[in-house]
**Q** 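Take a look at this one; I'll ask things after.
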Protein chains: 2
Amino acid sequence: MKKVRPDNFKIIAKDNLARAGVLSLPHGLVETPVFMPVGTQGSVKALSPDDLKENGAQIILGNTYHLYLRPGSELIKKMGGLHKFMNWDGPILTDSGGFQAFSLGAMIEHGVKKVSSKAQDQSKIKVRDRELYKDSNEIQEIEQRKDLVMSQVLDEGVEFKSHLDGSKHLLTPEKSIQVQLDLGSDICLVLDELLSPMHNSKYVAESLSRTHRWEKVSQQYFQKKLKSGTNPNALLFGILQGVYNKDIRISEAKWVSAQGFDGVSIGGSLGTSQFWGGDILDWTARKAIGDTMTWVKLFIPENLPVHALGIGEVVNIFDCVEQGIDMFDCVSPTRRARNGSLYISPHSGGTILNNFTLLISNSRFRDDPKQIDPSCNCYTCSNFSRSYMRHLFLSKELLFYRLASIHNVHFIIQLTRLIRKSILDHRFQNLKKEWIQDYKGIIVTKN
Amino acid sequence: MKKVRPDNFKIIAKDNLARAGVLSLPHGLVETPVFMPVGTQGSVKALSPDDLKENGAQIILGNTYHLYLRPGSELIKKMGGLHKFMNWDGPILTDSGGFQAFSLGAMIEHGVKKVSSKAQDQSKIKVRDRELYKDSNEIQEIEQRKDLVMSQVLDEGVEFKSHLDGSKHLLTPEKSIQVQLDLGSDICLVLDELLSPMHNSKYVAESLSRTHRWEKVSQQYFQKKLKSGTNPNALLFGILQGVYNKDIRISEAKWVSAQGFDGVSIGGSLGTSQFWGGDILDWTARKAIGDTMTWVKLFIPENLPVHALGIGEVVNIFDCVEQGIDMFDCVSPTRRARNGSLYISPHSGGTILNNFTLLISNSRFRDDPKQIDPSCNCYTCSNFSRSYMRHLFLSKELLFYRLASIHNVHFIIQLTRLIRKSILDHRFQNLKKEWIQDYKGIIVTKN
């Protein structure tokens, strides 16, 4: 029934389940495993397109929700598409807006995301379905937060209020695809609903059924548009949703694999409600990511590229590649950079315990003439000391944000290249052992 | 008596009073007229050293006051000096801290500078000499601001409280020079006191006499240090202070010219008290700058490079070069950039009326595919549209600040190069007429 285009993705080497491939996209080839820096508002924060190229970025991610609201996808289309608008001539993957619906809805409702006072003014969407929550304590807390929620999931799509001006919008599957095609995306994603560990099984079943409908509608709209000549070489990835439950995840993997998508993005808030919103060092969260990839990967056709949505920390990249995941995206490298959390490799003291980072604000770097990571050859490490970087950070100099972002993006991209090479050389497990020790993380308990 | 080193500066062409020269400094040659971008805290805001080089910067300015407080000049010395610390291998001119003493003192006292609530907490230095002000109204207003003032001028130097932590410091002439030598400056400036148009003639006379003493002490300390082998090729510029008064300025020009400095920096708050703190389009302020340069330049030896402290707007650069000024510095290009005020040449609609700028936030740029200045070939103009720049600005994307700063710094530096070429070709007046029309600015009246 559906057009399958396995020739878009070629696996050129495997090392157990880990694989190295080449993904062919309208704006160029992408060597996998690949990390995609996130350019939320048409810019990877603090970095120019040249910075991205020079630091090895092959493909970036753009956010449908943000660009739809500002500057508007119709304006971007008028200006020649997102590639021309932001002067990035490489491939772009766009998300569907589903995550922002979740972030403005369930993440606030479930107390994981705090709401700024400005955003509070904009939020008047009422929360429905009180009875969908597990226990009365949760419901009570949720009731207290209901006025803060800025989106809700309807059968026809996601209704949300703009975080910018409070204006009301309805994001349907068709609308999401239309926006992505207006942007000129190389890889579009279907509209989906994310699930929180605090949703009960009734809500989960209802949501997955709705996501299936949305995915089909997205696909039909996408295929219709492509036939009419719009962005004819764009790819469409399905999204594999679910919660931390083996049966559900396997069932969803089978479902999404049968739809004829060009690839699969794995989404969802991984982990259990106890650890929801937990720390990166939380072993339970790490285990949930690894488990999920292990469960689903066997049921996804070998010839489909698989993308782990929002995953981009060192340990998670290793765990996912080990299960055969090909693509990663995450705001973490650039967000960490702006907060002074800079990546260091094992040669420079990086371990799973410090999440391969140093905090540049630490006074021990005051007169440290070494570069951030002495084994790194990025522009920042080639030219500036920890002492200078610390000074720029403490002085809130704008240059800091760029130099730190260059380093962190370079670091994670180089890591995926190193991993790719290890797969080609059939020594992925050796590389993983060099980076990830036996230590399995701290068990983080809430309160 | 004093060592005169006229060989540091060679004039290679003159066009009436305007001149093109080459200044020889420890870290390289500088072609004049030259614009020096300001790197207040060891970074020209939002720009890397590579950005500066690629956009034609030959020499930058560092701020003694800021670097002394953070990260500390001793730390910078330990890290190998400011050049190594910030990875800038070209010449650096450092100011003396005198301007910050003024900015934290008289500018607040006289109501020109507002004080942030945070800074207010730090300010407890008492203001002396009530009787030095012209009329009782002013004194009353000044009394109301006295608790906000964060520095005061003593005979031995400037006492100030840090804007960072409220710690108390005394900046003597010796201390200022020592800090500049610790930084490894190519051109040091003597410590001086700036005068405000609201200071009366008694205060002016007292202040100028004190500045003379400070300049001599600075010079003696500098020469002693150089003889002992510290930074042996550094230059020392004297500062020509005063108010908007021909006799005083001429007398000061004669005095500073007789001291054997390697160059002269012209300082002071130019203009009259009526227009103090006025607009760039204020013709009175423009006239005051032009008049001052005209008065003093005749009395400064031809072989000394002359620097107009803090001057860097298009019209003022033309007016000053016309009188034989060689060097300029100003935070304006980078500060304007961060505020979305971007330079445009006459080819792109720039006139003295819009101060050769456009405001990128204007809605007419929403879908404007043109570059900021179509006649500019900087990185920003070569790659991005006004529409994209407006989007980045409204979205507060960090990339905006760099791209805008690149353009504005490139623009002003290119302007000084254009001016230099016009002097070499003996067509400076033609160039000035192309840029500056007969229009003499708006007369701005207060209230």
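Each chain gets a letter, A, B and so on, in the order its sequence line appears, and its residues count up from 1.
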**Q** What part of A:K78 gets closer than 4.5 Å to chain B, counting heavy atoms only: side chain, backbone, both or neither?
**A** side chain
**Q** A:D51 versus chain B, heavy atoms under 4.5 Å apart: side chain, backbone, both or neither?
**A**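 Side chain only.
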**Q** Let me know if B:F85 has heavy atoms under 4.5 Å from chain A in its side chain, its backbone, both or neither.
**A**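 Both backbone and side chain of B:F85 come within 4.5 Å of chain A.
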**Q** Does any N or O in the side chain of B:H391 come within less than 3.5 Å of the main-chain N or O of A:G72, such that one atom is a donor and the other an acceptor?
**A** no
**Q** Any side-chain heavy-atom pair from A:Y388 and B:S43 closer than 4.5 angstrom?
**A**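 Yes; the side chains approach each other to less than 4.5 Å.
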**Q** Decide if atom NZ of B:K175 counts as having more than 12 heavy atoms of other residues, nucleotides or ligands within a radius under 6.0 Å.
**A**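 Check fails, neighbour count at 12 or below.
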**Q** Of the listed residues (A:L392, A:V44, A:D50), which shares the most heavy-atom pairs with chain B below a 4.5 Å separation?
**A**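 Of the options given, most contacts go to A:D50.
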**Q** Who wins among B:L47, B:I76, B:T40 for the most heavy-atom pairs under 4.5 Å with chain A?
**A**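 Heavy-atom pair counts peak at B:L47.
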**Q** Does atom CZ (A:R70) have a neighbourhood of more than 12 heavy atoms from anything else shown, all under 6.0 Å?
**A**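 More than 12 within 6.0 Å, yes.
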**Q** What heavy-atom pair brings A:S395 and B:Q41 nearest, and what distance separates the two atoms?
**A**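 Distance-wise, the nearest heavy atoms are O-NE2, 3.5 Å.
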**Q** Would you mind reporting whether A:D367 and B:M79 have side-chain heavy atoms less than 4.5 Å apart?
**A**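 A side-chain contact under 4.5 Å exists here.
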**Q** To the closest 0.5 Å, what do you measure between CG (A:L403) and OG (B:S48)?
**A** 7.0 Å
**Q** Examine whether an atom of A:E397 lies under 4.5 Å from a heavy atom of chain B, and if so say whether it belongs to the side chain, the backbone or both; otherwise answer neither.
**A**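 Only the side chain of A:E397 comes within 4.5 Å of chain B.
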**Q** Counting only heavy atoms closer than 4.5 Å, note whether A:Y379 contacts chain B via side chain, backbone, both or neither.
**A**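 Only the side chain of A:Y379 comes within 4.5 Å of chain B.
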**Q** Quick one: does A:F384's side chain get under 4.5 Å of B:P49's, heavy atoms only?
**A** yes
**Q** Does some side-chain heavy atom of B:R338 sit less than 4.5 Å from a side-chain heavy atom of A:L398?
**A**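 Yes, side chains in contact.
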**Q** With a 6.0 Å cut-off (strictly less than), is the heavy-atom count around CZ of B:R366, excluding the residue itself, greater than 12?
**A** no
